[in-house]
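Step one of this worksheet: look at the structure below.
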Amino acid sequence: MSKPIIMVTGATSGFGAATARHFANNGWKVVATGRRKERLDELKADCPEGSVHCAQMDLMDRESIIGSIAGIPEEFRPVTCLFNNGGLALGTKPMPDIRHEDWRIMVETNIMGLVTVTQEMLPLLKAAGRGAAIINVGSIAGSFAYPGGNVYGASKAFVHHFSYELRCDLAGSDIRVTSFEPGMAKTEFTKVRTHGDAEINKTLYEGLEPILPEDVANIIWFIANLPPHLNINALELMPLIQVPSIPTILRK
Ligand code: NDP
Ligand code: 8X3
């Protein structure tokens with residue numbers, strides 16, 4: 001029997017890298033995408049022979065997405081699961097202390113990149129038939145507002161709602177759609193968000209037990225391998241040390 005195939009966006013780091021490794025080491029084939037070619041090559045070298053196809057892709061560039069998908073070789077088609085994971089936050093400050101350019105990059109990556117990959121991947125997912133799945137990475141930031149969340153949080157609220165819209169549009173097809181919405185996780189996310197502050201990325205998690213990339217890989221594995229008649233619409237995940245608290249009161 002042919003092996004199932006997962007396409008992972010943002011496979012060069014964090015959730016995406018851990019998920020790509022987990023699937024490749026457990027009998028799936030993986031189409032691994034991202035901008036950093038050397039990291040894609042490292043991932044491929046670490047995984048079982050023939051299990052990974054690397055496709056360099058910039059989520060902010062529609063032509064790059066179309067070209068990468070067109071270049072997926074026959075032996076990595078059809079695709080059973082699309083893990084729409086690539087994305088980022090840029091900036092931690094509340095308005096008006098924001099950089100407009102950061103907002104543009106977040107919208108182009110987290111929103112336009114995700115919808116474009118989805119559209120271009122639909123024929124490959126449809127061809128996989130029963131059991132196909134799209135897993136979109138949202139965030140608790142899409143449900144819980146906080147100062148400095150602004151466009152990042154709004155982009156993840158988009159991911160949640162777009163996932164539900166897709167469920168409607170794909171009704172009657174074999175494709176499941178899940179919005180996966182994690183809270184605090186230790187990846188390179190905060191380094192990227194702070195424009196490269198590796199120190200903050202270390203100290204932020206000191207003394208805490210955040211979600212780890214391997215935790216996410218296990219959950220994506222669970223979702224992708226559910227019986228084909230089941231669909232998790234949304235899955236919100238927090239580490240135990242994070243709580244969904246009541247809205248803040250400002251007393252004068
Ligand atoms: P990382 O920074 O570790 O990984 C982000 C991945 O996204 C990288 O592989 C990066 O690849 C890719 N990416 C970013 N921009 C682009 C682009 N323009 N084109 C292609 N790929 C891109 O962070 P995480 O693993 O934490 O992030 C993964 C997802 O999880 C994101 O969508 C994030 O918003 C979400 N998330 C993270 C949480 C956290 O606390 N860490 C919590 C909730 C959600 P490359 O740079 O090589 O292109
Ligand atoms: C990342 C989670 O709370 O840092 O999506 O915005 S949070």
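First listed ligand is number 1; within each ligand, the first listed atom is number 1.
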Next item on the list: Specify the protein heavy atom at minimum distance from atom 6 (C) of ligand 1: its residue, its atom name, and the distance to 0.1 Å.
Entry: G10 CA, 3.8 Å

Margin query: Distance check, rounded to the nearest 0.5 Å: R77 atom CZ versus I69 atom CD1?
Written below: 9.0 Å

Next item on the list: Could you list which atoms of ligand 1 come closer than 4.0 Å to a heavy atom of G14?
Entry: 3 (O), 25 (O)

Notebook entry, point to check: Which atoms of ligand 2 have any heavy atom of Y152 under 4.0 Å away?
Noted result: 1 (C), 5 (O), 6 (O)

Note to self: Any heavy-atom pair between the side chains of I135 and I232 that's under 4.5 Å?
What the structure shows: no

Check: Which ligand 2 atoms does S139 reach within 4.0 Å, using its non-hydrogen atoms?
Finding: 1 (C), 2 (C), 5 (O)

Next item on the list: Before accepting this row, confirm whether a basic side-chain N of the pair E42/R39 lies closer than 4.0 Å to the acidic partner's carboxylate O.
Entry: no

Checklist line | Parallel, tilted or perpendicular, as decided by the 30° and 60° cut-offs, for the rings of F158 and F162 | finding: parallel

Next item on the list: Kindly indicate whether the side chain of I220, heavy atoms from C-beta on, has any atom under 4.5 Å from the side chain of H22.
Entry: no

Next item on the list: Indicate the ring-plane relationship of F180 and F15, choosing parallel, tilted or perpendicular according to the 30° and 60° boundaries.
Entry: perpendicular

Next item on the list: Would you check if V177 and L170 make a side-chain contact, meaning some heavy-atom pair closer than 4.5 Å?
Entry: yes

Check: In terms of atom number and element, which parts of ligand 2 are under 4.0 angstrom from non-hydrogen atoms of A141?
Finding: 6 (O)

Next item on the list: Just jot down the ligand 1 atoms closer than 4.0 angstrom to any heavy atom of S139, in number order.
Entry: 43 (C), 44 (C)

Check: Given that the side chain starts at C-beta and the backbone is N, CA, C, O, which of these parts of D58 lies under 4.0 Å from ligand 1, counting heavy atoms, or is it both or neither?
Finding: both

Next item on the list: Give the residue and atom name of whichever protein heavy atom lies nearest to atom 24 (P) of ligand 1, and the separation in Å to one decimal.
Entry: T187 OG1, 3.4 Å

Next item on the list: Answer with side chain, backbone, both or neither: which part of R193 has a heavy atom less than 4.0 angstrom from an atom of ligand 2?
Entry: side chain

Check: Short question: side chain of R193, backbone of L88 - any donor-acceptor pair under 3.5 Å?
Finding: no

Check: Can you list the ligand 1 atoms lying under 4.0 Å from a non-hydrogen atom of T12?
Finding: 8 (C), 9 (O), 10 (C), 11 (O), 45 (P), 47 (O)

Notebook entry, point to check: So do the side chains of W28 and C81 get within less than 4.5 Å of each other, counting heavy atoms only?
Noted result: yes

Notebook entry, point to check: V137 to ligand 1: N or O pair under 3.5 Å?
Noted result: no

Next item on the list: Please examine the side chains of M238 and V243, heavy atoms only from C-beta on, and report whether any two atoms are closer than 4.5 Å.
Entry: no

Item checked: Best match, G183, A185, A89, P210: closest heavy atom to atom 42 (C) of ligand 1 -> G183

Next item on the list: Would you tell me whether T118 and N84 have side-chain atoms, one donor and one acceptor, within less than 3.5 Å of each other?
Entry: yes

Next item on the list: Might you point out which heavy atoms bring L40 and A11 nearest each other, and give the distance in Å?
Entry: CD2-CB, 4.3 Å

Item checked: ligand 1-proximal atoms of K156, by part, heavy-atom distance under 4.0 Å -> side chain

Margin query: Any heavy atom of P182 closer to ligand 1 than 4.0 angstrom?
Written below: yes

Item checked: Heavy-atom check, side chain of R21 versus side chain of D46, under 4.5 Å -> yes

Next item on the list: Could you tell me which non-hydrogen atom of I98 sits nearest to which non-hydrogen atom of K93, and how far apart they are?
Entry: CG2-O, 3.7 Å

Checklist line | Closest approach of any protein heavy atom to atom 21 (N) of ligand 1, naming residue and atom | finding: L59 CD1, 3.8 Å

Check: Evaluating non-hydrogen atoms only, which member of G34, S64, G87 is closest to atom 13 (N) of ligand 1?
Finding: G87

Checklist line | Short N or O distance, V192 and ligand 1, threshold 3.5 Å exclusive | finding: no

Note to self: Quick check on F189 - does any of its heavy atoms sit under 4.0 Å from an atom of ligand 2?
What the structure shows: yes

Note to self: Measuring from non-hydrogen atoms of A17 to any atom of ligand 1, is the shortest distance under 4.0 Å?
What the structure shows: no

Note to self: Need the ligand 1 atom indices (1-based, order shown) with element for anything under 4.0 Å from a heavy-atom of Y152.
What the structure shows: 33 (C), 34 (O), 35 (C), 36 (N), 44 (C)

Margin query: Nearest 0.5 Å, please: how far is CG in D61 from CE in M112?
Written below: 12.0 Å

Note to self: Checking a contact table here: which protein heavy atom is nearest atom 28 (C) of ligand 1, and how many Å away?
What the structure shows: N85 OD1, 3.1 Å

Next item on the list: Could you tell me which atoms of ligand 1, counted from 1 in the order shown, lie closer than 4.0 angstrom to a heavy atom of M57?
Entry: 19 (N), 20 (C)

Notebook entry, point to check: atom 17 (C) of ligand 1: which protein heavy atom is closest, and how many Å away?
Noted result: R35 NE, 3.4 Å

Notebook entry, point to check: Can you find an N or O of F15 that's nearer than 3.5 Å to an N or O of ligand 1?
Noted result: yes

Notebook entry, point to check: Looking at ligand 1, does any of its N/O atoms fall within less than 3.5 Å of an N/O of S13?
Noted result: yes

Note to self: Distance under 4.0 Å to a non-hydrogen atom of E188: what atoms of ligand 1 satisfy this?
What the structure shows: 2 (O), 3 (O)

Next item on the list: Return a yes/no value for G138: is any of its N or O atoms, backbone included, closer than 3.5 angstrom to an N or O of ligand 1?
Entry: no

